[in-house]
There are 2 protein chains.
Amino acid sequence: MKQSKIGQRKTTQREAISAVIRQAEGPLTVEEISERASKLVASLGLATVYRTVKLLLESNEISIVSIPHSHDRYEASDLAHHHHFRCRNCRLVFDLPGCILPIPDGTSLPGGYKVEAHEVTLIGTCPECNGG
Amino acid sequence: MKQSKIGQRKTTQREAISAVIRQAEGPLTVEEISERASKLVASLGLATVYRTVKLLLESNEISIVSIPHSHDRYEASDLAHHHHFRCRNCRLVFDLPGCILPIPDGTSLPGGYKVEAHEVTLIGTCPECNGG
DNA sequence: ATTGATGCAAACCTTTTGCAACAGC
DNA sequence: GCTGTTGCAAAAGGTTTGCATCAAT
């Protein structure tokens, strides 16, 4: 299985977008990726961000994360299993280490639902915003 | 506090949209609401669905639910706390009874994150799709 | 009869696509 | 130099809004 087949050519745009996602504090929206990557490439077009994100998704280098009240976000696929925290104040989304759900994937729930994966989002205020 | 102030007038369109959401097996997308409510009102326009959903949100009769890989969904606000299950096969989203997260709202996590709410989505196959 | 609600079409915003110019290899 | 990639602008989707008409009160 090949990894990182994000297209045939290594371009500065793709390097920048990939780096921005990998170095983020949590999953980013396309808008956030564009803002941060534009600081590295300047002339970067939005269409390139969309195209590259799609490419990275198809090559499984990144994954989609859905957070309530926000557009789809993207994060590196090779991160250890974890969950997310969204700050109601600054709107940033952070990774939280580890899994806090007591139901392992593979469980069958009463009713016949077979669980294969899960997503947990905690919502509240982050340390910067609550002075904690 | 007044409830159900979904506008000043009771119209068949609003009744239909509200009924569809309340009777659903889980949270619905605008598209699903439109499809189901159109069977009750026939001439129902999409703009009316959007306007009514926004109205129901503002009056707190319904709430937004974000499910990975799907548009925003809406459910009645007076449901008991619960979580959601999304079937990878038929794409439907179901309500699951009760809370399965061992972290109560109000908890402060190490790192300074103060948890005020949470959302949990389980993903897998539903009984209809896995023959269970 | 009054005025809020609806349906349609235009406007908007986000995401995708066509294409000529550009840049990896 | 060949051909994949980029940036721009046009197109496509989904959501919102303006407005004349319709209907709840």
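In the text below, chain A, chain B and the rest are named by the order of the sequence lines, each starting its count at 1.
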_Can you classify the ring geometry of A:His118 versus A:His81 as parallel (below 30°), tilted (30 to 60°) or perpendicular (above 60°)?_
perpendicular
*For the pair made of CZ in A:Arg51 and P in C:dT17, what is the distance, rounded to whole Å?*
10 Å
*Flag if over 12 foreign heavy atoms under 6.0 Å of CD, A:Glu31*: no
*Would B:Arg9 and B:Glu15 pass as an ion pair if we require N to O under 4.0 Å?*
no
*asked:* Tell me the interatomic distance from A:Leu55, atom CG, to C:dT17, atom P, rounded to whole angstroms.
replied: 13 Å
*Please determine, for the side chain of A:Ser43, which listed nucleotide (C:dT17, D:dG7, C:dG7) has the closest atom?*
D:dG7
*For atom CG of A:Leu44 and atom C1' of D:dC8, their distance in whole Å*: 13 Å
*Any ring pair (Phe, Tyr, Trp, His ring centres under 6.0 Å) pairs touching residues 18-42 of chain B, not counting sequence neighbours?*
none
*A:Leu57 has an atom CG; how far is it from atom C1' of C:dT16, in whole Å?*
15 Å
*Check whether any side-chain nitrogen or oxygen of B:Gln8 sits under 4.0 Å from OP1 or OP2 of C:dT3, and answer yes or no.*
no
_DNA chain D contacts made by residues 11-36 of chain A, counting heavy atoms under 4.0 Å_ = A:Thr11, A:Gln13, A:Arg14
*Nearest whole angstrom, please: distance from the C1' of D:dA10 to the CG of A:Leu46.*
15 Å
*asked:* With a 4.0 Å cutoff (strictly under), does any side-chain N or O of A:Lys10 reach OP1 or OP2 of C:dC25?
replied: no
*Answer yes or no: is there a side-chain heavy-atom contact under 4.5 Å between A:Asn130 and B:Ser108?*
no
*Pairwise 5' ranking along DNA chain C for A:Ala47 and A:His71, keeping only the more 5' one*: A:His71
_Could you check whether A:Glu75 pairs with A:Arg22 (Lys NZ or Arg NE/NH1/NH2 to Asp/Glu carboxylate O, under 4.0 Å)?_
no
_Nearest-angstrom distance from the residue atom CG of A:Asp72 to P of C:dC13_ = 20 Å
_Just the rounded figure in Å: distance from P of D:dA24 to CZ of B:Arg9._
9 Å
*Answer with yes or no whether the side chains of B:Ser18 and B:Glu61 bring together a donor and an acceptor at under 3.5 Å.*
yes
